[in-house]
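Take a look at the structure set out below.
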Amino acid sequence: SKVDPKGFMLITERLALGLVPDIFRNHPVFLCIDDTLVEKYGRKFDGVGKLHDHSAHGGESYVNGHCFVSVMLRVPVLAGKRLSYAAFPLGHFMWRGDAGRTKLEMAAGLVRDLMPALSGQRNVVLLCDSWYAKSEVLSLVGEYANLDVVCGARLDTVMYDLPPEEGAVGTPRRRGRPRKHGARVYAKGFPVTGFKVRGRKACARRVLTNILPGIPVTAYVTESSNGERRLFLSTLSHTDIEFFHHMSDRREIARLGSAGAAYLPLMLYDFRWGIEVGYYEQKEFWDMCSYMVRKAAGIDRKSTRLNSSH
């Protein structure tokens, strides 16, 4: 049937939101965005082309196929006596390099389509990896009062200290307009503490960045046992959300004490992994890659029905 895939996506979104129990009504919901490749053997499909497979760790790194931009909704549900976040893949939409839209613009458009139904939520948190941590996506935070973002970021992301407060003790008075930011800081210079998140030492610091101009964010730097560092940015503060962490089905979150409360947004970033699990399940068990439809509109309709069934 020629159903509108975007309309089908919005129906699935409303059904998922209807599963949230009253006890968790003020808990955050999560939107995860990412993209995936589907290899196709042939050139007769709309939008097919040579694409770089960043997940390929050996052999050919370019494949002939389609790229799909995807969005997943995660909502709080009660699993026994525990707080769990159910994952609902809402849609895969084919990206075509000749259509004049980038993957970043497609992802931002999908979030805008979903936000009206989420206007009644206290907190909506957008989760994405460092590839999507660009202005086209991150600027959405300024468009919706209840939207925050927790994302991975490049280790060389430009960051600055917060500007000194005017009239603060020890701060000399300067002529001219107030400073927009403080001195530049570097993720490689952050002093990691003994607190660990997912087995990695971590530290947190409030900063300003160029990719989120004018918005203070918390920069989290984690370090592995061999010294490898990763950077994450969050506009969300643990004081801004209601989260019954003692009920969580994730042991690390359930055991979180007051000393580690500031690291809760970093721990919540783990929910992004659900979209990767969804890709694996749909490719391995739900025949996501076996479609023989040639037209782009038909492929989008088929993938939307697949998501709803999954």
Side-chain angles (χ1 to χ4, degrees), residues 20-32 73-77 82-85 111 115 118-128 133 138-153 157 159-166 168 181-182 185 187 190-198 200-209 211-222 230-272:
V20 180
D22 290 338
I23 188 175
F24 300 140
R25 282 296 172 192
N26 290 327
H27 276 54
V29 299
F30 299 94
L31 286 175
C32 312
L73 176 66
R74 303 205 65 166
V75 299
V77 296
R82 291 290 181 181
L83 164 63
S84 182
Y85 269 82
V111 174
M115 282 305 294
L118 298 171
S119 60
Q121 298 293 321
R122 178 177 173 181
N123 295 102
V124 182
V125 184
L126 181 63
L127 305 177
C128 61
L138 300 186
S139 62
L140 292 167
V141 174
E143 297 180 20
Y144 303 96
N146 63 336
L147 182 64
D148 283 286
V149 64
V150 182
C151 63
T157 297
M159 297 183 291
Y160 303 95
D161 268 331
L162 300 182
E165 295 183 13
E166 289 294 317
H181 54 71
V185 295
F190 281 27
V192 293
T193 64
F195 188 84
K196 289 190 175 183
V197 177
R198 302 187 297 275
R200 299 168 65 96
K201 292 181 180 180
C203 67
R205 183 171 180 171
R206 295 289 284 175
V207 299
L208 292 171
T209 70
I211 56 177
L212 275 163
I215 302 177
V217 300
T218 303
Y220 296 99
V221 174
T222 65
R230 295 177 183 172
L231 174 64
F232 303 88
L233 301 176
S234 172
T235 63
L236 182 70
S237 170
H238 68 285
T239 59
D240 296 334
I241 59 173
E242 178 179 303
F243 196 90
F244 298 159
H245 61 83
H246 61 281
M247 294 181 63
S248 176
D249 60 351
R250 296 179 177 242
R251 185 177 302 176
E252 187 176 40
I253 295 178
R255 294 179 176 179
L256 187 64
S258 57
Y263 294 91
L264 179 60
L266 176 59
M267 295 180 180
L268 297 180
Y269 179 78
D270 270 2
F271 288 127
R272 193 201 73 82

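Just so it is clear, the structure is predicted and the values come from calculations on it, not from any experiment.
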Side-chain donor-acceptor pairs of residues 142-149 under 3.5 Å, sequence neighbours excluded:
{"unit_1": "E143", "atom_1": "OE1", "unit_2": "R112", "atom_2": "NE", "d": "3.1"}
{"unit_1": "E143", "atom_1": "OE2", "unit_2": "R112", "atom_2": "NH2", "d": "2.8"}
{"unit_1": "N146", "atom_1": "ND2", "unit_2": "L118", "atom_2": "O", "d": "3.0"}
{"unit_1": "N146", "atom_1": "ND2", "unit_2": "Q121", "atom_2": "O", "d": "3.0"}
{"unit_1": "D148", "atom_1": "OD1", "unit_2": "T235", "atom_2": "OG1", "d": "2.9"}

Identify each donor-acceptor pair in which a side-chain atom of residues 237-248 lies under 3.5 Å from a protein atom, sequence neighbours left out, and give them as a table.
{"unit_1": "S237", "atom_1": "OG", "unit_2": "T239", "atom_2": "N", "d": "3.3"}
{"unit_1": "S237", "atom_1": "OG", "unit_2": "T239", "atom_2": "OG1", "d": "3.0"}
{"unit_1": "D240", "atom_1": "OD2", "unit_2": "S237", "atom_2": "N", "d": "3.4"}
{"unit_1": "S248", "atom_1": "OG", "unit_2": "R250", "atom_2": "N", "d": "3.1"}

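The two residues M159 and T209 come nearest to each other via the heavy atoms CG-CG2, 3.9 Å. Nearest heavy-atom pair, L138 versus C151, reported as atom, atom and distance to 0.1 Å: CD2-SG, 4.4 Å. Closest non-hydrogen pair, P28 versus P76, comes out as O-CD, 4.0 Å. Nearest heavy-atom pair, E252 versus V197, reported as atom, atom and distance to 0.1 Å: OE2-CA, 3.4 Å. Of all heavy-atom pairs spanning F24 and V77, the tightest one is CE1-O, 3.6 Å.
Atom OG1 in T222 sits 10.5 Å away from atom OH in Y263 (nearest 0.5 Å). If you take NE2 on H27 and CG on N123, they are separated by 10.5 Å, rounding to the nearest 0.5 Å.
Residues R200 and R230 have side chains in contact (heavy-atom distance under 4.5 Å, counting atoms from C-beta outward). Annotation: side chain of L140 is not in contact with side chain of M115 (no heavy-atom distance under 4.5 Å).
Contacts of D249 classified as side chain to side chain donor-acceptor pair (under 3.5 Å), with partners at least two apart in sequence or in another chain: S84. Evaluation of the salt bridge (Lys or Arg N to Asp or Glu O under 4.0 Å) rule for R74 yields no partner, not counting sequence neighbours. F271 is linked by a ring pair (Phe, Tyr, Trp, His ring centres under 6.0 Å) to F30, Y85, counting only residues two or more places apart in sequence or in another chain. Every residue two or more places apart in sequence or in another chain was checked for a side chain to side chain donor-acceptor pair (under 3.5 Å) with S234, and none qualifies. The salt bridge (Lys or Arg N to Asp or Glu O under 4.0 Å) search around R198 returns D270, not counting sequence neighbours. For R82, there are no side chain to side chain donor-acceptor pair (under 3.5 Å) partners at least two apart in sequence or on another chain. Legend: residues meeting salt bridge (Lys or Arg N to Asp or Glu O under 4.0 Å) with R206, ordered by chain and number and at least two apart, are absent.
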Quick one, I211 with L233, criterion side chain to side chain contact (heavy atoms under 4.5 Å, CB included). Give me CA distance, side-chain angles, the key distance, then yes/no. CA-CA 10 Å; I211 56 177; L233 301 176; 3.7 Å; yes
Test V150 against L268 for side chain to side chain contact (heavy atoms under 4.5 Å, CB included), laying out the working first. CA-CA 8 Å; V150 182; L268 297 180; 5.9 Å; no
